[in-house]
Amino acid sequence: MAIEFPRMPLGDWIEGGLNWLTSEYSAVTRGISRLTQTGIDGLNDALMWLPDWSLLVIIAALCWWLANVRLAIGAVAGLVLILNLGLWDPMIETLTLVVIATLVAVVIALPVGIAAALSERLYRAIMPVLDFMQTMPAFVYLIPAIPFFGIGSVSAIFATVIFSMPPAIRFTTLGIRQVPTELVEAADAYGATRGQKLFKVQLPLSLPTVMAGINQTIMLALSMVVIAAMIGADGLGSEVWRAIQRLRPGDGFEAGIAVVILAMLLDRLTQSLRKQKA
């Protein structure tokens with residue numbers, strides 16, 4: 001006869017913890033929600049205010065300056081296709097969410113990655129946490145976002161930041177740890193302080209690796225922003241979700257192609273920036 005063990009009420013514990021956090025820190029979450037929504041609305045309105053052709057020119061010039069004329073031509077062709085499909089405004093909304101989520105994720109990730117690179121104890125403590133964060137299914141991050149911030153773009157930002165942050169932490173830690181010990185010892189020999197070693201030796205040499213982590217963060221942020229349409233996020237993800245609900249595969253593929261174009265554009269731009277920093 002099989003031995004029956006009592007079921008651990010893990011789900012009840014997690015739900016109780018979330019309920020306690022939302023009730024105890026509701027004022028904090030409301031403040032964060034208002035601040036985040038203000039940032040989303042401000043950036044979105046600024047990008048929407050620009051005429052379509054002027055934003056095309058700005059993006060093309062940026063691609064030409066950071067990379068080459070081929071990327072500029074490809075960017076213009078892709079954006080013109082998005083404009084022709086009537087997905088310009090959803091693309092702007094998606095870009096806004098990706099930019100804000102990436103900025104927040106990088107602002108949190110860089111100090112954590114630097115601290116983990118300089119502290120072996122913190123490094124050992126944070127690596128299992130990052131493993132957990134990266135193996136957790138993306139949809140799970142949508143669950144705690146709703147009780148904290150409700151339905152909408154703020155919850156999408158919250159879930160996207162948590163989901164996209166681990167690569168930036170990992171690559172920052174990796175880049176600093178891969179700096180040759182001879183250079184660090186030479187800095188010590190010249191009497192450099194800990195801050196001087198970090199900002200004049202370790203960070204400049206690790207910058208290409210750090211930029212690779214930021215590139216991965218941007219890609220993960222874009223994928224999560226699309227998924228977050230399930231909890232009310234605006235943008236191309238909502239177009240895909242609407243097409244699924246209405247059984248319109250053509251509309252869904254059009255929105256998906258727009259996501260691919262935006263992803264390729266952001267990826268090529270960040271890769272070009274990384275090569276310039278190398």
Side-chain angles (χ1 to χ4, degrees), residues 43-44 46-106 109-110 160 163-164 167-168 170-172 174-175 178 203-227 229 234-240 243 249-278:
L43 181 58
N44 197 58
L47 293 176
M48 291 286 192
W49 176 79
L50 289 172
D52 303 339
W53 62 267
S54 64
L55 191 56
L56 276 170
V57 171
I58 292 171
I59 293 175
L62 185 63
C63 292
W64 196 345
W65 178 54
L66 289 177
N68 49 53
V69 67
R70 287 190 305 170
L71 181 59
I73 294 172
V76 170
L79 292 175
V80 167
L81 176 60
I82 292 175
L83 185 61
N84 178 260
L85 294 175
L87 296 172
W88 185 264
D89 288 353
M91 186 273 293
I92 294 295
E93 293 170 342
T94 298
L95 181 61
T96 297
L97 295 178
V98 170
V99 169
I100 293 178
T102 301
L103 287 175
V104 175
V106 169
L110 289 183
T160 302
F163 179 72
S164 63
R170 283 189 184 276
F171 278 75
T172 300
L174 178 65
Q178 285 184 335
L203 278 179
L205 291 174
S206 63
L207 197 55
T209 306
V210 173
M211 290 301 300
I214 294 175
N215 174 270
Q216 292 300 306
T217 294
I218 293 173
M219 294 298 102
L220 289 177
L222 180 57
S223 67
M224 191 63 185
V225 162
V226 173
I227 295 172
D234 297 323
L236 294 170
S238 65
E239 298 295 323
V240 175
D251 294 347
F253 270 97
E254 287 181 354
I257 290 170
V259 172
V260 171
I261 293 170
L262 184 58
M264 292 178 64
L265 178 58
L266 293 173
D267 178 62
R268 297 300 186 273
L269 280 174
T270 51
Q271 283 190 14
S272 302
L273 185 61
R274 184 182 68 181
K275 291 175 181 177
Q276 284 195 351
K277 297 294 183 181

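Keep in mind the model is a prediction, meaning the values are calculated, not measured.
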Partners of Val210 by side chain to side chain contact (heavy atoms under 4.5 Å, CB included), sequence neighbours excluded? Leu110, Thr172, Ser206, Ile214
Of all residues at least two apart in sequence or in a different chain, which pass the side chain to side chain contact (heavy atoms under 4.5 Å, CB included) check with Ile73? Val69
From Leu95 CG over to Leu222 CG, what is the distance, rounded to the nearest 0.5 angstrom? 9.0 Å
Kindly indicate, with the supporting measurements, whether the criterion side chain to side chain contact (heavy atoms under 4.5 Å, CB included) is fulfilled by Met219 and Thr270. CA-CA 10 Å; Met219 294 298 102; Thr270 51; 5.5 Å; no
Here the gap from Thr96 atom OG1 to Leu43 atom CG, rounded to the nearest 0.5 Å, amounts to 4.0 Å
How would you list, by chain and number, every residue that makes a side chain to side chain donor-acceptor pair (under 3.5 Å) with Arg170, sequence neighbours excluded? Asp131, Gln134
Point-to-point distance, once rounded to the nearest 0.5 Å, from CG of Leu55 to CE of Met91: 6.5 Å
Once side chain to side chain contact (heavy atoms under 4.5 Å, CB included) is applied, do any residues pair with Leu81, and if so which ones, sequence neighbours excluded? Leu85, Ile257, Ile261
State, with a plain yes or no, whether a side-chain heavy atom of Thr94 is found less than 4.5 Å away from one of Val259. no
I need the Gln271 CD to Leu266 CG distance, nearest 0.5 Å. 11.5 Å
Pick one: which of Val98, Asp234, Ile100 meets side chain to side chain contact (heavy atoms under 4.5 Å, CB included) with Val225? Val98
Quick one: ring-ring contact (aromatic ring centres under 6.0 Å, His included) partners of Phe171, sequence neighbours excluded? none
For the CG atom of Leu262 and the CG atom of Asp267, what is their distance to the nearest 0.5 Å? 11.0 Å
Closest non-hydrogen atoms of Glu239 and Ala255, given as atom of the first, atom of the second and distance, are CB-CB, 3.7 Å
Ala105 versus Thr217, closest heavy-atom pair with distance: CB-CG2, 4.1 Å
Backbone N/O of Val99 and side chain of Thr102: donor-acceptor pair under 3.5 Å: no
Distance-minimising heavy-atom pair for Leu265 and Ala75: CD1-CB, 3.6 Å
Nearest non-hydrogen partners of Val240 and Gly252, listed with the distance: CG2-O, 4.2 Å
Which heavy atom of Ala72 sits nearest to which heavy atom of Ala60, and what is that distance? CB-O, 3.4 Å
Spacing of CD1 belonging to Ile92 relative to CG belonging to Leu87, to within rounding of 0.5 Å: 11.5 Å
So, for Ala101 and Thr160, which heavy atoms are closest and what is the spacing to 0.1 Å? CB-CG2, 3.6 Å
Among pairs that include at least one residue of residues 68-88, which meet side-chain hydrogen bond (donor to acceptor under 3.5 Å, both in side chains), considering only residues two or more places apart or in two chains? Asp52-Trp88
Evaluation steps, side chain to side chain contact (heavy atoms under 4.5 Å, CB included), between Leu66 and Leu269: CA-CA 7 Å; Leu66 289 177; Leu269 280 174; 4.0 Å; yes
Got more than 12 heavy atoms from elsewhere within 6.0 Å of CE, Met264? no
